[in-house]
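What follows is a set of notes on a single structure, which appears directly below.
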Amino acid sequence: MLRFVARRLVSGAVLLLVISLLSYLLLSIPDNDVGRQLLGQSADQSAVDARNAALGLDRPVLVQYFDWLAHAVRGDLGTSWFTSEDVTQTIANRLPVTISLMLGVTLVTAVVSFLLGVWAGVRRGAADRFVQVLGVAGYALPGFLVTLILVLVFAVKLGWFPAIGYTPIEESPGGWLSTITLPVASLSVASVAGVSQQVRGAVIDVLRQDYIRTLRARGLSMPRIVFKHVLRNASAPALVLLGLQFIGLLGGAVLVEQIFGLPGIGGMTVSYTARGDVPVVMALVMLTVVGVVLINLLTDILIGWLNPKARVS
Amino acid sequence: MKRYSTRIAASAACAAAALVLSGCGGGGSASGGASELDIATLTAAQSLDPADAIGSALPFFQAAYDTLIKRDPDGSYKPMLATEWSYDKDRTHLSMTLRTGVKFDDGTAFDAAAVKANMEHFKNGGGGGAKYLKSLKDVKVVDPAHVVLELSQPDPGLEFYLSDAAGLMASPAKLKDGSLKTAPAGTGPYVLDKGKTAVGNKYVFTRRNDYWGDKAKFKTLTISVFDNETAVVNGLKTGQIDSAVLQDADQQTAVASDANLTKTPFTFDFQGLLLFDRGGVRTPALKKPEVRQAINYALDRATMLDKIRQGHGEITDQVFGTETKAYDKSLDTYYPHDPAKAKKLLADAGYAGGFTLKLPRVPSMTDALVSSIQTDLGAVGIKVTWDQLDAGGAVQKVYRDRAYSAMVMNMGQSSIDWLTDQDLVTPGAFNMFGTTDPTVTKLLGQVQAGDEGQAAAASKELNKQLVEQAWFAPFYRLQYQLVSSKDVKAVTQSGMAVPSIYDYSPAGS
């Protein structure tokens, strides 16, 4: 297992290096004229050129990249060109918001999807059809529409939750919960739709296996069979999907963070990329790659723990 | 400033999330009490160093720094860190008397040396506003309470600049070390609460109790940065935001029926086609005044305003704002929609068969705007082709490469004539081909060096000349709305797209 983890970590490091180079090159293709954006449309061209030179943008792209890399490996991710703040600090301020969202959605998705999926797979009939209709509806509804409806109904009309903003958990657990509930709910709709169908299908497959029939013949109760044997074997594909969705949530977080005015890294990724704030975008890319590598690793380990057949020798 | 029932919210959330939480009480994110002011903006400050202060980001700076001169909502100048000021006869020396006994929040005394250091820092700091002190030759320190600003030539905008970014005063002890970018040190009515501030997203300022003047009207000032007005409108409706300026016509409609919000319409930007290439470098046809006039006659401004802005605005043919001395109401309708006249003018100029005009299209340009321009100009024989560009790419191609003869832009209309002259008329960023004519040059000289009466008359004449010669093709002045909750009174600020922080007060105060 240790060798497996080490091998995955080394390949992750190589991936990080390759993606950092490709990202830097891609970010350098559009000539964003950062100096002009910083100084405003009416600034003199000489001042714009001077600002670009001060940021090192008058150097060849590869020189800029290796300069960035040399600092990055020492833990210095630089300073945002557009807010003058330390990049590490900027991301550290915003990461808890997005992590709150992603963990919240994953938790809600895991609990609700497994309940619905098992219910549909075991009961079949009307319950199964109901869950399938829910799944189709969850997929079919556009995410932005769900989000806007939730805001209008539960925040603007009923006033149960705040429409915008984020309260850190250390400031007020209740406030934190109230600020992330609607964003988590809106992101969970599609996630639950996908994972519950996966769980349902896997549960039905496992229930058809011979060993389940044997367990039944031995007189084991259905709940015991489901929770001890069926879930253990049916959870692997659902966990893979859950892991993929956790990574994909960053994309969904962009829209939700914009609508709810949440200061997370989803909305930040879009706005900083559009402006061409290379130090911040590079840090976000690196963070995402590290996240993807670690989550995939964790998913593999978890699946191996749940299903011995999947373990790597 | 509505406070949420966090008990209800938390209870529902607990159920929804299936979380077990004990003691889910505590405050929500909404502000509470009239002692707090929450402002929303779409413009972030790139840093809090006065050298980087520009445009609509000024409120961030006004919280922490005072300016030499204060600008009231009506645009009149009042004492602030300078108590008196006067020009000499040829308007090249501005003598200022400074307030004494004032200290920056790091304990450094404010005096004439601090003014000199700040002016030099702003002029040489590489910021977007540095050009406004181009005519500043030297700052002479007479004594700790008196300075004289020496100019290389008269600058009719100087008092405005000193009430704006160029007049912000920071502690001279912090000017060189770069710390002002995230930790301001000024004499202003608030100090930045770094613990509660998330740079680029939310800035929290707390009232300074040892402020030299009248204490700020709110204990806490929060300026939140958003990237879309949908979230701002939701915040206004739920009471989480006390005040914001809405630019988007749809969002203005969204708050129109909300009786809990006070709406104050005002105009600041105009939208129009800036015809940069009046020398015909890229598009030879634009060298002819008749062609530029034809473009103006071809535009159906009333329909555009109706379709694109849902009527939120005022059609205009002039680039000078309503508060300037140059403004002439009759010039708002100088070019009525007259396609036949446009065709005749094109024929007179030798372009009876029309010509092609290539324009940049940036993401902020809506389909309705693009199709209106294309249809109106196409109807008289001017074929418009669009280059799709992202905002950053457009900046590069328009300003540095000078790749386009014209561009649709939203431009702020200053209350000061000279600012419009500098931005749009004299060779520079928006006159990147450097075209002019003898009449314009003569009138600009009179605006710059003449006394008040002469300058006003020259400004009016200059405006008329620019409209007649069709230097630009403005569409309309955009109507914005200053929206505020019932708890807060906010008034619009002359010459700015957003109110100054001094323009907010608790309702009923």
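Excluded from the calculations below are hydrogen atoms, water molecules and symmetry mates; all remaining heavy atoms, backbone and side chain alike, are included.
- Taking chain A as the reference chain and counting heavy-atom pairs below 4.5 Å, the highest number among Asn228(B), Leu48(B), Asp49(B), Val225(B) is found for Asn228(B).
- Crowding of Phe154(A) atom CZ: a count of heavy atoms from other residues, nucleotides or ligands under 6.0 Å not exceeding 12.
- Among Gln37(A), Gln89(A), Gln258(A), the residue with the largest count of heavy-atom pairs under 4.5 Å with chain B is Gln258(A).
- The salt bridge (charged side-chain N to carboxylate O under 4.0 Å, His left out) search around Asp67(A) returns Arg59(A), not counting sequence neighbours.
- Formation of a donor-acceptor pair under 3.5 Å by the Glu85(A) side chain with backbone atoms of Gly200(B) is not found in this model.
- Sorted by first and then second residue, the side-chain hydrogen bond (donor to acceptor under 3.5 Å, both in side chains) pairs with a member in residues 102-118 of chain A form an empty list; sequence neighbours excluded.
- Ranked by heavy-atom pairs shorter than 4.5 Å toward chain A, the options Asp227(B), Val232(B), Val398(B) are led by Asp227(B).
- Proximity to chain A is limited to the side chain of Asp423(B), based on heavy atoms less than 4.5 angstrom apart.
- With a threshold of 4.5 angstrom between heavy atoms, Tyr399(B) approaches chain A through its backbone and through its side chain.
- Proximity to chain B is limited to the side chain of Leu148(A), based on heavy atoms less than 4.5 angstrom apart.
- Listed by chain and residue number, nothing satisfies the salt bridge (charged side-chain N to carboxylate O under 4.0 Å, His left out) test with Lys123(B) (two or more places apart in sequence, or in another chain).
- Ranked by heavy-atom pairs under 4.5 Å with chain A, the list Gly178(B), Ser224(B), Gly127(B) is led by Gly127(B).
- When side chains are defined from C-beta on, Gln46(B) does not count as touching Thr83(A), because their heavy atoms never get closer than 4.5 Å.
- When the candidates Pro263(A), Gly276(A), Ser271(A) are compared by the number of heavy-atom contacts under 4.5 Å with chain B, Pro263(A) comes out ahead.
- The closest side-chain heavy-atom distance from Ile164(A) to Ile241(B) is below 4.5 Å.
- The shortest side-chain heavy-atom distance between Val156(A) and Thr238(B) falls under the 4.5 Å cut-off.
- Interface residues of residues 45-57 of chain A toward chain B, defined by a heavy-atom distance below 4.5 Å and sorted by number: Gln45(A), Val48(A), Asp49(A), Arg51(A), Asn52(A).
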